[in-house]
Each structure stands twice: as structure tokens, then as C-alpha cells.
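Step one of this worksheet: look at the structure below.
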Amino acid sequence: MTTLTHLDWQPVILLKVVRLPFSDLGGLSLKCAYLAHEGERLLYADWTLDAAERAEPLVFATGWTFTSMPTLPFRLHGDGAKRVPAGTWVLPYKDSLYTLYGTASAVLTRLLHQIDHHPTDPNTITTLIRLTESI
């Protein structure tokens with residue numbers, strides 16, 4: 001097992017607006033992870049891995065290559081199959097930011113569920129009015 005503890009692992013938030021076929025938005029994908037740069041490869045380690053556990057085969061290449069680690073925040077652009085999809089924002093990890101996006105994701109999910117099941121309910125209409133007035 002090749003250890004990778006010598007790398008500069010950065011705690012990050014991976015944020016992706018999920019788009020569904022034949023529609024615009026489907027919600028948010030939110031994940032905490034550790035990223036490191038080795039050679040030209042961007043490596044991924046699961047958030048649950050302690051520093052001493054960050055070794056191959058538990059760590060994997062994302063499929064993204066850079067000459068150096070990009071400055072956070074950045075967005076992954078390009079084509080091709082990658083373990084971390086194009087369009088993903090890589091944000092510096094802050095507990096407050098993760099909590100904010102997690103709450104936003106839950107609220108969006110509840111709103112879409114409410115619209116799907118009760119599109120003419122007065123509570124749905126009131127929520128939509130308040131939302132559209134605040135944006």
C-alpha cells in the first residue's frame with residue numbers, strides 16, 4: 001500500500017448543481033472531501049479517512065490534471081468521464097459554509113416535493129411568492 005501522507009491534503013466542499021435530462025435544475029450535490037495535487041493529478045480522499053489512512057487504494061485520481069493545485073475556490077471545466085464531474089465547484093471547507101449549503105439543499109428538496117405533490121396548495125403558493133419576491 002503506497003502511503004500519500006506526505007501530500008498537502010486540503011479539506012474541501014464539492015458543490016454541484018445537479019441538472020436532470022429535459023429540465024434545468026434537479027437540486028444540489030454536496031460532499032466534503034480531501035484533495036491533493038501529485039504530479040499533474042488531482043487526488044481524492046474520502047472525508048472519513050484519517051491522514052494516516054490516505055493511501056492507495058483508498059485514495060483515487062479524480063481524472064483531472066493540473067500543473068499545480070488551483071487556488072480555492074475553483075470550478076472544474078472540461079469534457080470526458082471524471083470521478084468528480086465537470087461543473088463541480090471546489091470550495092475551501094468551512095463548517096458554516098457546509099451547513100449553509102446543506103440547509104439550502106434540504107429546503108430546495110422540500111420545496112420541490114411540495115410543488116410535486118401539492119402545486120395549488122395555498123402554502124405552496126405563499127412559499128413561491130415569498131421566494132420569488134426575495135430573489
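- Within the cation-pi definition used here (under 6.0 Å to the ring centroid, within 45° of the axis), R83 does not qualify as a partner of Y44.
- Listed for the D46 side chain is a donor-acceptor partner under 3.5 Å among the backbone atoms of T48.
- A donor-acceptor distance shorter than 3.5 angstrom exists from the side chain of R75 to the backbone of G87, with no hydrogens or angles considered.
- A distance-only check finds no donor-acceptor pair linking the side chain of E133 to the backbone of R130 [under 3.5 Å].
- Between the side chain of K82 and the backbone N or O of D79, at least one donor-acceptor pair lies under 3.5 Å.
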Under 3.5 Å, sequence neighbours excluded: what are the donor-acceptor pairs made by side chains of residues 4-13?
from	atom 1	to	atom 2	distance (Å)
W9	NE1	L4	O	2.9

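- For the pair L30 and Y98, the minimum side-chain heavy-atom distance is below 4.5 Å.
- At least one donor-acceptor pair under 3.5 Å links the side chain of K16 to the backbone N or O of A86.
- Rounding to the nearest 0.5 angstrom, the gap separating the NZ atom in K94 from the CG atom in L100 is 11.5 Å.
- Remark: side-chain polar atoms of S29 are not paired, donor with acceptor, to backbone N or O of V18 under 3.5 angstrom.
- Within the 3.5 Å criterion, the main-chain N or O of F66 finds a donor-acceptor partner in the side chain of H37.
- Aromatic rings from Y93 and W47 are positioned such that their centres are separated by under 6.0 Å.
- Under the salt bridge (charged side-chain N to carboxylate O under 4.0 Å, His left out) criterion, R41 pairs with E38, sequence neighbours left out.
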